[in-house]
Q: 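Mind having a look at this structure? Questions to follow.
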Amino acid sequence: MGVRVSDVLDLDVMKEAVVHTGHKDLAHKLIEWISVIEVPVENFVRKHEFVLTTGMGCEEDPALFRSFVEDVIQSGATALTVATGRYVSNIPKDVLELATTYNFPLIEVPWKTRFSNVIHDVLQVINEQNEQKRQKAENLRQTLTNSVLNGGSLEELMDLLYDATGIPVAISDDEKIVRANCDFDSTVIEALNEEGDISVEKLEKPDVPLAEHPLYHHLDQYNVDGKMCYELTIFSNNKKQGYLLFMPKKSDELNWFTMHALEHGLTACALYFLTENAVEMTEIRLKDNFVLQLAKDDTPLDAKMLSKGELLGYDLALPYACLVGDFRVVEEEDPTWNDEQDQPGRSSLHSLNYYVQKEVTHASQQLGRKTMSSFDEGEVIIFLEIEENGYQETVNHFLDMVERRLHDQLAHVYFAWGVGLHNQGLRSFYESYHEARTALDIHTEEHGFGERTFFEETKVNRLLMNVASNESLIKMVQETIEPLIEYDRKRQTDLIHTFMTYQKYKGNVSQTARALNLHRQSLLYRLRNIENLTGLTLVEADDSFLLELSVRLWLLKQFK
């Protein structure tokens, strides 16, 4: 901010002033303050000051007066006005030559000119202009805010900022993707994003005309192949949202008004991203709730549901497989993870939901498949578009992509999946979800957490679940397996696991011993123990079948 020297010279109090040097730049040099100073100058004069002096102390020492004028010039003052007639009769020739060399405005006023009147009138002009610029900055703030509140785009914000400052500006999001560009050199942005071979140097301290404005302390300045640009980071909701970039031709352009305009632009961009996040969160919640309704509510797939799905961008007429996943955190000490992030009501942009949704979207785009997904209290639900022939290959390929990228970001999170095939009918989504959930639960109960289980692979287990309601069968199973359970509990052994491994290898003792990492004699001892406790003979097919049936039912936890 400041007034031009030519504007000050037009004041009535300066009508008798004579400009000796620096005529060329009178309409461009700016005055931010006015002061009266006599020798010595030292550090009492700052940049852009309009200095008044009588030359007191220099009346008998022309060399001292020349040194005084040189010190004023070196201080960065805008102009020097000398009241002649008492201490300085005439401005010496060598002083005029000095001022001419620096193209510095050296002005003479008669002794009768009252400095108090000059100070009063100059400050009045400065204050009036400052008030105009403050009002201009306030109007810009209101315009930028109204643009965001009325649904304006980032391009509109950048246009408003460019029109107000005349400085090329651009904005990129937190992933450094350019969202708006107004006359900003795109090659500079590419270099800042480490694209190409252009050298980029970040300055330790930004080059700014003044240090008073608080925004100066948040500036980053870069030298990009000889071109200078500045960067401000945009924060909202305690999260880095993006970057505001601008390229003034000279650092002097970063004056009071420009910095206030950039500050208002920064605030407007933060508000825009906050609004965008709120819209995105609302859309995610609507989609989440819709997918949960499809999966968990026994709601007929009628015209209303089809229409609602279409509004959310879902085509419910396509064939889908339902993928239900559970996750476990293995390395909780990872500083990027926070268990509280997935509590209901917290933003999905700061939770595992966000990462899952992001990778589901990426994988679906890569495979060219439609997806619908949701995250409900630690359960991931995904409906993946498939072709019914060979759909398992599609599902496995999709989950491979999702898990691989998720593991790169969250190495401590592991998933187990159940998969149900979409069937035609009004309850297809509801039924396929429950098939997937059943497949996942059966595998977890029998084999522990992990891997992927397709519903059609659980036929035997589902058969056992149906027959487990027979009371006489339950009693027989209890009598058969309870001795093993009690023995394992008291002796801290695992005879049940030993038997199931033995069955897996079809009674081959050598293979079973290797799988259990046991000596052959140790395995035979365990097998004899099983026979003694149950009263069954493992080489007898009927006895072996009865014990395996009992173990499977116990593992499914269909009875106490």
Side-chain angles (χ1 to χ4, degrees), residues 141 144-145 147-158 161 169-181 184 189 192-194 202 206 214-222 229-246 259 262-288 327 329 331-362 373-375 377-378 380 405-413:
R141 183 192 69 80
L144 290 168
T145 303
S147 174
V148 176
L149 296 178
N150 292 328
S153 63
L154 287 173
E155 288 84 355
E156 184 177 328
L157 293 180
M158 293 301 98
L161 203 55
V169 287
I171 188 168
S172 61
D173 59 22
D174 61 325
E175 296 184 354
K176 296 189 176 182
I177 298 174
V178 178
R179 299 286 298 275
N181 186 336
F184 197 98
I189 298 177
L192 291 175
N193 293 345
E194 300 179 356
K202 183 178 180 180
L215 206 59
Y216 285 141
H217 305 293
H218 300 282
L219 279 178
D220 289 324
Q221 185 178 3
Y222 297 90
C229 74
Y230 296 83
E231 179 184 85
L232 286 167
T233 304
I234 304 168
F235 286 94
S236 68
N237 200 23
N238 297 320
K239 181 179 183 292
K240 181 166 64 177
Q241 301 285 359
Y243 306 91
L244 178 62
L245 306 168
F246 47 99
M259 295 309 298
L262 291 169
E263 184 178 26
H264 297 327
L266 199 66
T267 303
C269 290
L271 179 60
Y272 177 90
F273 281 116
L274 192 64
T275 304
E276 185 179 66
N277 288 346
V279 172
E280 182 180 354
M281 287 163 56
T282 301
E283 182 180 355
I284 287 175
R285 288 192 183 112
L286 286 172
K287 289 185 173 182
D288 277 354
F327 73 92
V329 181
E331 299 173 1
E332 296 185 33
E333 69 273 9
D334 192 321
T336 63
W337 174 257
N338 181 357
D339 283 337
E340 295 180 357
Q341 289 176 328
D342 291 297
Q343 296 301 319
R346 294 186 66 86
S347 170
S348 59
L349 295 175
H350 302 280
S351 67
L352 180 62
N353 185 7
Y354 169 71
Y355 291 103
V356 173
Q357 297 277 15
K358 180 180 176 182
E359 298 313 325
V360 166
T361 301
H362 176 267
S373 57
S374 180
F375 194 101
E377 298 181 353
V380 182
R405 287 173 58 91
L406 273 176
H407 188 71
D408 291 340
Q409 301 177 68
L410 303 169
H412 54 290
V413 179

Q: Please give me the minimum heavy-atom distance between Lys176 and Asn193, naming the atom from each residue.
A: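 Looking at all heavy atoms of both residues, the shortest contact is O-ND2, 3.0 Å.
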Q: What residues, two or more places apart in sequence or in another chain, satisfy salt bridge (charged side-chain N to carboxylate O under 4.0 Å, His left out) together with Glu155?
A: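 Partners of Glu155 under the salt bridge (charged side-chain N to carboxylate O under 4.0 Å, His left out) test: none.
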Q: What's the shortest heavy-atom distance between Leu219 and Pro206, and which atoms?
A: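 Looking at all heavy atoms of both residues, the shortest contact is O-CG, 3.3 Å.
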Q: For residues Asp288 and Gln357, report the shortest heavy-atom separation together with the two atoms involved.
A: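 What the structure gives for the nearest pair is OD1-NE2, 3.2 Å.
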Q: Applying salt bridge (charged side-chain N to carboxylate O under 4.0 Å, His left out), name anything that partners Glu194, two or more places apart in sequence or on another chain.
A: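 Per chain and number, Glu194 pairs via salt bridge (charged side-chain N to carboxylate O under 4.0 Å, His left out) with no residue.
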Q: Roughly how far, to the nearest 0.5 Å, is the CG atom of Leu232 from the OH atom of Tyr216?
A: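 Tyr216 OH to Leu232 CG: 11.5 Å, rounded to 0.5 Å.
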Q: Are any of the side-chain heavy atoms of Leu262 and Leu215 separated by less than 4.5 Å?
A: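 Yes, close enough: below the 4.5 Å cut-off.
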Q: Under the salt bridge (charged side-chain N to carboxylate O under 4.0 Å, His left out) test, which residues partner Lys202, sequence neighbours left out?
A: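 With neighbours one apart ignored, the set is Asp220.
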Q: Heavy atoms, side chains only, cut-off 4.5 Å: are Val360 and Ser373 in contact?
A: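 Touching, per the 4.5 Å side-chain cut-off.
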Q: Excluding sequence neighbours, so at least two apart, what forms side chain to side chain contact (heavy atoms under 4.5 Å, CB included) with Thr233?
A: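 With sequence neighbours excluded, Thr233 shows a side chain to side chain contact (heavy atoms under 4.5 Å, CB included) to Phe235, Lys240, Tyr243, given in chain and number order.
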Q: Under the side chain to side chain contact (heavy atoms under 4.5 Å, CB included) rule, collect the residues that match up with Val178, sequence neighbours excluded.
A: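 Result, side chain to side chain contact (heavy atoms under 4.5 Å, CB included) vs Val178: Asn181, Ile189.
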Q: Just by distance, do the side chain of Asn150 and the backbone of Gly152 share a donor-acceptor pair under 3.5 Å?
A: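 Flag not set: sc Asn150 to bb Gly152 has no pair under 3.5 Å.
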Q: Could you pull out the closest heavy-atom pair between Val148 and Ala268, with the gap in Å?
A: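 Nearest pair, atom of Val148 first, then Ala268: CG2-O, 3.5 Å.
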Q: Taking all heavy atoms of Leu154 and all of Cys269, pick out the closest pair and write down the distance.
A: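 Between these two residues, the closest heavy atoms are CD2-SG, 4.5 Å.
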Q: Going by the rule side chain to side chain donor-acceptor pair (under 3.5 Å), which residues pair with Glu156 if we only count those two or more places apart in sequence or in a different chain?
A: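 In terms of side chain to side chain donor-acceptor pair (under 3.5 Å), with neighbours along the sequence ignored, Glu156 is linked to Ser147.
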Q: Residues two or more places apart in sequence or in another chain: which of them pass side chain to side chain donor-acceptor pair (under 3.5 Å) with Ser374?
A: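 Applying side chain to side chain donor-acceptor pair (under 3.5 Å) to Ser374 gives none.
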Q: Looking at residues at least two apart in the chain, or sitting in another chain, which of them share a side chain to side chain contact (heavy atoms under 4.5 Å, CB included) with Arg141?
A: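 Side chain to side chain contact (heavy atoms under 4.5 Å, CB included) list for Arg141, sorted by chain: Glu138, Thr145, His264.
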Q: Could you tell me if the side chain of Glu263 sits less than 4.5 Å from the side chain of His218, heavy atoms only?
A: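 Not in contact.
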Q: Suppose we screen for ring pair (Phe, Tyr, Trp, His ring centres under 6.0 Å). Which residues come up paired with Phe246, at least two apart in sequence or across chains?
A: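 Testing Phe246 for ring pair (Phe, Tyr, Trp, His ring centres under 6.0 Å), a comparison that skips the adjacent residues, returns Tyr230.
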Q: Who are the side chain to side chain donor-acceptor pair (under 3.5 Å) partners of Ser236, not counting sequence neighbours?
A: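 Side chain to side chain donor-acceptor pair (under 3.5 Å) check on Ser236 returns Gln241.
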Q: Applying side-chain contact (heavy atoms from CB on, under 4.5 Å) to Val413 and Leu406, what does each step give before you reach the verdict?
A: CA-CA 8 Å; Val413 179; Leu406 273 176; over 6 Å; no
Q: Please name the pair of heavy atoms, one in Met158 and one in Val169, separated by the smallest distance, quoted to 0.1 Å.
A: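 Minimum heavy-atom contact is O-CG2, 3.6 Å.
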Q: Return the set of residues passing ring pair (Phe, Tyr, Trp, His ring centres under 6.0 Å) with His407 (not counting sequence neighbours), or none when no residue passes.
A: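 In terms of ring pair (Phe, Tyr, Trp, His ring centres under 6.0 Å), with neighbours along the sequence ignored, His407 is linked to Tyr414.
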Q: Should Ile171 and Phe273 be marked as a side-chain contact (heavy atoms from CB on, under 4.5 Å) after you check the CA-CA gap, both sets of side-chain angles, and the distance that decides it?
A: CA-CA 11 Å; Ile171 188 168; Phe273 281 116; 3.9 Å; yes
Q: Determine whether Leu271 and Leu149 make a side-chain contact, defined as any pair of heavy atoms from C-beta on separated by less than 4.5 Å.
A: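 A side-chain contact exists here, since the closest heavy-atom pair is under 4.5 Å.
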Q: If you round to the nearest 0.5 Å, how far is CD1 of Ile234 from CG of Leu274?
A: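 That separation rounds to 12.5 Å.
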Q: Who are the salt bridge (charged side-chain N to carboxylate O under 4.0 Å, His left out) partners of Glu231, not counting sequence neighbours?
A: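 So Glu231 forms no salt bridge (charged side-chain N to carboxylate O under 4.0 Å, His left out) with any residue.
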